[in-house]
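Read the structure below first, then the notes.
Numbered from 1 within each chain, the chains take letters A, B, ... in sequence-line order.
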Amino acid sequence: MLKSMSSSDDHLVSMIVSSTGKSHLRQIHAVLLRTSLIRSSDVFHHFLSRLALSLVPRDLDYSRRVFSERSNPSVSHCNTMIRAFSVSETPGEGLRLFRSLRRKTFPPANPLSSSFALKCCIKSGDLLGGLQIHGKIFSDGFLSDSLLLTTLMDFYSTCENSAAACKVFDEIPKRDTVSYNVLISCFLRNKRTRDVLFLFDKMMKEVDGCVKPDGVTCLLALQACASLGALDFGKQVHDFIDGNGLGGALNLNNTLVSMYSRCGSMDKAYEVFNRMRERNVVSWTAMISGLAINGFGKEAIEAFEEMLKCGISPEGHTLTGLLSACSHSGLVREGMMFFDRLKSGEFMMKPNLHHYGCIVDLLGRARLLDKAYSLVQSMEVKPDSTIWRTLLGACRVQGNVELGERVISHLIELKAEEAGDYVLLLNTYSSVGNWEKVAELRSLMKEKRIHTKPGWSAMEVQGQVHEFIVDDVSHPRKEEIYKMLAEINQQLKIAGYVAEVASELHNLDSEEEKGHALTYHSEKLAIAFGILMTPPGTTIRVTKNLRTCDDCHNFAKFVSRVYDRVVIVRDRSRFHQFKGGFCSCNDFW
DNA sequence: TTAGGGTTAG
């Protein structure tokens, strides 16, 4: 049919080209060349777009050749190619094309060219390239282009420069839901979780015109709540979802399951999960991982088996959740059985680093350190720093100095040693009373200028999130908090609590500071704040970014008994529920 | 002629 068409049929030809499948594209190309129909800018545009953008997988070589054969490409032809490069493995080519386009006086580049070029910079991590484009936005006269500025924010977000992203946001003439979402995702990526909640609140109250949260906003806000353990705020987001007709979305329900379980509310997680009309592997994975961090190992295994019964195949993450559930609940036999099934290929995948990490953790907790070490040595994939770190953690718990030293030498070899690793080794030495080595390591840390990253704890009171760091003095009610902490310490002492000075050492320079900093670990500040701010009997919920130390764990146990409070601490690896002087983890973490 | 944001983790 194409053969009989003339240049006056451009539109029809374009439509045919746009609907052509991959197998016929070369034939169509030949016809277009033979009939000279390709000379039409319209026809060429559609052909190139089909070739470079809408086909999966894309044929970039072919697109590149077709494009280079065009003697007078228009801006939109160039943009098609820049966009294609921005999602390819060679985004640098897109930037080069953009630059050559800008150098020409005609045709001039348009805001879209800059937008796609920025995408190229994001993909290739080209900081300088992006900054140059930003510099030209003013001289190109694109300052009022909201969509381009939104992409620019996304660029700064990937560069972890949230201050620059904020500045661009302020300059956007007409902000809409997407520009808000980009800023929110920037805050989330850059760990400014409280700002995420602030912005969500602002959108909900429609402070900025009629900008309202949409599904993506809710998804991001829920992630922030999960990270902070902000259960009340999470419930508000849930209400917003239900009240605005967003409740049926699969991805939102999956995130709700994850949020509730990461906030320690398994009842609500189950409720959402059971009400879901449709569930995919992500839904099951969220549930299994949630059960895992809450210490419900057996239930996680049951959920996994139920999932298989429903005919859903697990993914890598699903197995990670399952194996970590076994590890956290001390189900060594079950964990090893699932690991064997994974290795046999039953789940159509090979064990990855996460899976090995779980098993190393499992063996370490089960005091099978040698077995864990030989597993790491025999791994098919090269062990990364996290694997070694997991093993180092197990060495600390069991005071195995010899293996601990060997492990740290592996970390040094990988050039991946972090302050936390030295702290673990330091604690291993101190747990066996080897003070000479402690001193030696301390001076080494000083020499290498190693500083620990501060731990933080968060606590939600009436929907407001309060954050604390070690030795925090920034909180407006710091005086009351420290007074309360002193009182608690006194009460606990009477009940028999003794601070374990040797249990955890942070970035301290002298022995005298040790006892002092133990008193002011961020979770202790948060717990004191909780007792201060809530009526007797209220559950205290604290979220911590690192693993909680032995001393703080012990402190929380005493608080739960002396103050008759349920204290729930979510640390980096799991939940601890303290009640009547005991912890749900049975000191096994 | 075209465009910007997003689900599970050791």
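At the heavy-atom level, A:Ser49 lies nowhere under 4.0 Å from the strands shown. Among the heavy atoms of the strands lying under 4.0 Å from A:Asp154 are primed sugar atoms or P, OP1, OP2 only; no base atom is included. Within 4.0 Å of A:Val282, counting heavy atoms only, lies at least one base atom of the nucleic acid. Within the nucleic acid shown, A:His46 comes within 4.0 Å of at least one base atom, counting heavy atoms only. Backbone-only contact: A:Thr320 has heavy atoms under 4.0 Å from sugar-phosphate atoms and none from a base. Across all strands shown, A:Asp42 has heavy atoms under 4.0 Å from base atoms, whether or not it also approaches the sugar-phosphate. Residue contacts shown for A:Thr386 include a base, since a base heavy atom lies under 4.0 Å away. As judged by a 4.0 angstrom heavy-atom cut-off over every strand, A:Arg262 is placed among residues touching the sugar-phosphate backbone only. Heavy atoms of A:Asn253 sit nowhere under 4.0 angstrom from any nucleic acid atom.
Here the nucleotide nearest the side chain of A:Leu353, chosen from B:dT7, B:dG10, B:dT2, is B:dG10. In the set B:dG6, B:dA9, B:dA3, the nucleotide with an atom closest to the side chain of A:Leu112 is B:dA3. Of the candidate nucleotides B:dG4, B:dT2, B:dG6, B:dG6 has the atom lying nearest to any side-chain atom of A:Leu219.
No donor-acceptor pair under 3.5 Å is formed between the side chain of A:Asn294 and the backbone N or O of A:Phe296. Between the A:Ser113 side chain and the A:Asn79 main chain, no donor and acceptor come within less than 3.5 Å of each other. Side-chain atoms of A:Asp571 never come within 3.5 Å of backbone atoms of A:Lys544 as a donor-acceptor pair (strictly under, hydrogens ignored). For the pair A:Arg277 (side chain) and A:Gly248 (backbone), a donor-acceptor distance under 3.5 Å is absent.
Atom CD1 in A:Ile172 sits roughly 14 Å away from atom C1' in B:dA3 (whole-Å rounding). In this structure, the CG atom of A:Asp384 is 13 Å from the C1' atom of B:dA9, given to the nearest Å. Atom NE2 of A:His317 and atom C1' of B:dT8 are 6 Å apart (whole Å). Counting to the nearest Å, the P atom of B:dG4 and the CG atom of A:Leu149 are 15 Å from each other. When rounded to the nearest whole Å, the span between CG of A:Leu53 and C1' of B:dT1 equals 13 Å. What separates CD1 of A:Ile184 from P of B:dG4 is a distance of 19 Å, to the nearest Å. Atom-to-atom, CH2 of A:Trp284 to P of B:dA9 comes out at 18 Å; the value is rounded to the nearest Å. One interatomic measurement links the two molecules: CE of A:Met153 to P of B:dG4, which rounds to 15 Å at whole-angstrom precision.
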>> Please evaluate residues A:Ile184 and A:Met203 with respect to the criterion side chain to side chain contact (heavy atoms under 4.5 Å, CB included), reporting the C-alpha separation (whole Å), side-chain torsions for both, the decisive distance (0.1 Å), and the verdict.
In response: CA-CA 11 Å; A:Ile184 288 177; A:Met203 286 173 86; 4.0 Å; yes
>> Could you go through A:Phe200 and A:Tyr180, starting from their C-alpha distance and side-chain angles, then the distance that decides it, and tell me whether this counts as ring-ring contact (aromatic ring centres under 6.0 Å, His included)?
In response: CA-CA 9 Å; A:Phe200 185 87; A:Tyr180 266 88; over 10 Å; no
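Judged by distance alone with a 3.5 Å cut-off, a donor-acceptor contact links the side chain of A:Asn254 to the base of B:dT7. Side-chain atoms of A:Asp176 and base atoms of B:dG4 include a donor and an acceptor less than 3.5 Å apart. Donor-acceptor pairing under 3.5 Å, judged by distance alone, is absent between the side chain of A:Thr151 and the base of B:dG4. At a cut-off of 3.5 angstrom, counting only N and O atoms as typed in the model, there is a donor on one side and an acceptor on the other between the side-chain of A:Asn110 and the base of B:dT2.
Applying a 4.0 Å cut-off to non-hydrogen atoms, the residues of residues 220-229 of chain A that approach DNA chain B are A:Leu220, A:Gln223, listed by residue number.
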Using atom types as modelled, flag every donor-acceptor pair under 3.5 Å from a side chain in residues 303-318 of chain A to any protein atom, sequence neighbours excluded.
from     : atom 1 : to       : atom 2 : distance (Å)
A:Thr318 : OG1    : A:Thr285 : OG1    : 2.9
A:Thr318 : OG1    : A:Glu315 : N      : 2.9
A:Thr318 : OG1    : A:Glu315 : O      : 3.2

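Taking the ring centroids of A:His134 and A:Phe155, they lie at or beyond the 6.0 Å cut-off.
At the phosphate of B:dT2, neither OP1 nor OP2 sits under 4.0 Å from any side-chain N or O atom of A:Arg83.
Note on A:Arg275 versus A:Glu271: salt bridge recorded, some NZ/NE/NH1/NH2 to OD/OE distance being below 4.0 Å.
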